[in-house]
Amino acid sequence: MIHLIMLSRPFFALFALLLVVGVIRLLLIGYGLPLHLYADEEVNVYSALKMIHLQTLLPVLHSDAFVILYEPPLLAYLYTLLFLPIILLFSLMNDMPSFSALADPIVLDPSIFFLVGRALTVLISLGSIYLVYEIGRRLFSHHTTGIFAALFLATSFTHTALSATARHWEVSTFLSLISLLCILLYREKRSLWLCAAAGAALGLSFGAGYLVFYAPCIGLILLASEWERHRNTKKLIRPALLFGISFTTIAILFIAVAPYPFSVQVLNHVSSQRHTIEGFLTFYSQTLIFYETPLFIGSLLGVVALIRNRALHIAGFFAVFFLTVLPIMYVFLWDLDRYIHPLLPMLALLAAHGISSLPRRVAIGAGIALVIYAAFLLPRFDLLAIRNDTRVAAHEWILANIPEGSTILVDSERLRLPSSEEAVSLLEAVDPSIIRAPDRITSSQSYDSYHIYLAVGENTQRVIGAASAAEPETYIVTDSWSDTKEIKVLVEGQQPIAV
């Protein structure tokens, strides 16, 4: 039955897959709010709000104000378009004439903007799944392979997790996949405008995430398609020029409007965490095996199928991708699990080819097993996200149970509480970089607040001393995994309250 649907009604199967996956991923977007627990999310959300506040689309003219923008600016521009109607609606509902009047409420709880950014990423991730289907059926000339590719990507744990964050990874990969699909369509239809569109899409991908991993394999397909048709490299000049000019023009524009992130991420950035090539390969192999087991096994089957079928042109396509991406990752990226994200669409295509090359009954069984695996894993992931982070539970418990004006020593990453003026003054004397805009707002206005003292880095001992002097009985909030020695000494022998 599954095989029949996949062969005769691929779009129905794809639509059902996207619908289920979309619901699963949308349920994840509220995780952590009102706290901001995902690293790097603030970059584009706050940069978009800053653009609206300063009424500018040119960060280069306000370099001091846009120090927070250390990633390419495309996502910030998209968020600016989405946030403007929300701010206008807030202004009308609260009878506030300007953005400045709304600034304090937005700074204290910008959750709506994070929700919008995450929802956009979910929609884009569904687009990536569809694009992988289209690329798979064109690359391997079979609908079933395309469906399997979409299924593998849709059930990827890493792809699911990152799709519910306001980060650049999914947007950049989505635009690169559009570029790849345009080149595959050019191979079929021979329209030069498709080359220009492919270059423009890759340029936009550059504007979302500078490391355009797909550029070498896209160039290979363009070269191969012209060579197969004309056996003359001169015929490659026009499509290559259109592709190159459109890509370069857009890439230069993004560098021109925001040169600071390009300087930080590319010119002055080389990974300092790298040990050896062996360590690099071991880390990412283990990450794939642990988090993406079906994808890893399927991609190995795909490599075997390519060798067995002697599909040299497709094997060359994948070889160019991995042989260029891995050195880029080695030089520019740290050993972090999420950095496997750009590899996932290609691994899904390889895995789909591997499963499709199996005997029919075995392939159907593998597809059913993958669905069962996803049905067990992804809803459980949803349940954990809906229960939310323990730091959110601690935040709610503190606001409900600890009296206003109490002294609280916080040693928990990204847990922020409303601070008193006394606490802000003390921390400013210890280390001004600890202070955040919400701290200044809650300390200067009539909000319920606490004497909050954050234990941060080298200043931990000084902060603890100041907190002890200000209030003999101090509440301590710490992560269970905290290794801050000074905090361990304070809580030793105490009976903690579990939240």
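Source: prediction; values computed, not measured.
At least one donor-acceptor pair closer than 3.5 Å links the side chain of Thr155 to the backbone N or O of Phe152. Tyr70 contributes no side-chain N or O that, together with a main-chain N or O of Val43, makes up a donor-acceptor pair within less than 3.5 Å. A donor-acceptor pair is defined here as one N or O able to donate and one able to accept, closer than 3.5 Å; such a pair exists between the side chain of Asn388 and the backbone of Gly32. Listed for the Thr121 side chain is a donor-acceptor partner under 3.5 Å among the backbone atoms of Gly117.
Considering only heavy atoms from C-beta on, His168 stays 4.5 Å or farther from Pro72 through its side chain. By the 4.5 Å heavy-atom criterion applied to side chains, Leu126 and Val21 are counted as neighbours. Tyr38 is listed as a side-chain neighbour of Tyr31, based on a closest heavy-atom distance under 4.5 Å. With a 4.5 Å cut-off on side-chain heavy atoms, Val257 and Leu57 do not count as touching. The closest side-chain heavy-atom distance from Tyr77 to Phe254 is below 4.5 Å. Considering only heavy atoms from C-beta on, Met51 stays 4.5 Å or farther from His62 through its side chain. In this structure, the side chains of Leu180 and Leu131 stay at 4.5 Å or more apart for every pair of heavy atoms. Between Leu175 and Leu74 there is a side-chain heavy-atom pair separated by less than 4.5 Å.
For Leu192, the side chain to side chain contact (heavy atoms under 4.5 Å, CB included) test picks out Tyr186, Arg238, Pro239, Leu242, with sequence neighbours left out. For Val60, the side chain to side chain contact (heavy atoms under 4.5 Å, CB included) partners are Leu58, Pro259, not counting sequence neighbours. Looking at residues two or more places apart in sequence or on another chain, you find a salt bridge (charged side-chain N to carboxylate O under 4.0 Å, His left out) between Arg118 and Glu41. For Ala251, the side chain to side chain contact (heavy atoms under 4.5 Å, CB included) partners two or more places apart in sequence, or in a different chain, are Phe206, Phe247. Residues satisfying the side chain to side chain contact (heavy atoms under 4.5 Å, CB included) test with Leu123, not counting sequence neighbours, are none. Considering only residues two or more places apart in sequence or on other chains, Phe243 meets the ring pair (Phe, Tyr, Trp, His ring centres under 6.0 Å) condition with none of them. Qualifying salt bridge (charged side-chain N to carboxylate O under 4.0 Å, His left out) partners for Glu396, counting only residues two or more places apart in sequence or in other chains: none. Shown here are the side-chain hydrogen bond (donor to acceptor under 3.5 Å, both in side chains) partners of Ser285, two or more places apart in sequence or in another chain: there are none.
Rounded to the nearest 0.5 angstrom, Asn44 CG and Leu75 CG are separated by 4.5 Å. Taken to the nearest 0.5 Å, the OG atom of Ser111 stands 11.5 Å off from the CD1 atom of Ile29. If you take CG on Leu153 and CG on Leu349, they are separated by 8.5 Å, rounding to the nearest 0.5 Å. Put simply, CD1 on Ile402 and CH2 on Trp397 are 5.0 Å apart, with the number rounded to the nearest 0.5 Å. In this structure, Leu35 CG and His395 NE2 are separated by 5.5 Å, a value rounded to the nearest 0.5 Å. We find the CG-CD1 distance between Leu241 and Ile237 to be 7.0 Å, quoted to the nearest 0.5 Å.
The shortest heavy-atom contact between Pro261 and Glu71 is CB-O, 3.4 Å. Counting all heavy atoms, side chain and backbone alike, Leu28 lies closest to Ile24 at CG-O, 3.6 Å. The shortest non-hydrogen separation linking Ala154 to Leu378 is O-CD1, 4.0 Å. Shortest non-hydrogen contact noted between Leu202 and Ala215 is CD2-CB, 3.7 Å. In terms of heavy atoms, Ile68 sits closest to Ser47 at CG2-OG, 3.6 Å. Closest non-hydrogen pair, Phe296 versus Ile289, comes out as CE2-CG1, 3.6 Å.
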Next item on the list: Report the C-alpha distance between Leu204 and Ile250 in whole Å, list the side-chain angles of each, state the deciding distance to 0.1 Å, and finish with yes or no for side-chain contact (heavy atoms from CB on, under 4.5 Å).
Entry: CA-CA 7 Å; Leu204 291 172; Ile250 293 175; 4.2 Å; yes
Check: Where do Glu134 and Leu177 land on the side-chain contact (heavy atoms from CB on, under 4.5 Å) test, with the steps shown first?
Finding: CA-CA 10 Å; Glu134 288 289 351; Leu177 291 174; over 6 Å; no
Notebook entry, point to check: Stepwise, does the side-chain contact (heavy atoms from CB on, under 4.5 Å) test hold for Thr56 with Phe66?
Noted result: CA-CA 11 Å; Thr56 183; Phe66 284 96; 4.1 Å; yes
Next item on the list: Report the C-alpha separation of Ile112 and Phe90 in whole Å, then their side-chain angles, then the decisive distance to 0.1 Å, and conclude whether the side-chain contact (heavy atoms from CB on, under 4.5 Å) test is met.
Entry: CA-CA 11 Å; Ile112 181 64; Phe90 278 0; 4.0 Å; yes
Please output the side-chain donor-acceptor pairs of residues 78-89 that fall under 3.5 Å, not counting sequence neighbours, one pair per line with the distance.
unit_1, atom_1, unit_2, atom_2, d
Thr80, OG1, Ala76, O, 2.8

In residues 337-347, what donor-acceptor pairs under 3.5 Å come from side-chain atoms, sequence neighbours left out?
unit_1, atom_1, unit_2, atom_2, d
Asp337, OD2, Tyr291, OH, 3.3
His341, ND1, Thr173, OG1, 3.4
His341, NE2, Glu170, OE1, 2.8

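Taking the six-membered ring for Trp and thresholds of 30 and 60 degrees, Phe322 and Phe318 have nearly parallel ring planes, at less than 30 degrees apart.
Residue pairs meeting the salt bridge (Lys or Arg N to Asp or Glu O under 4.0 Å) criterion with at least one member in residues 58-68, sequence neighbours excluded, do not occur. Residue pairs that meet the side chain to side chain donor-acceptor pair (under 3.5 Å) test with at least one member in residues 199-222, sequence neighbours left out, are Ser172-Ser205, Ser176-Ser205.
Residues Phe317 and Phe321 keep their aromatic ring centres 6.0 Å or farther apart.
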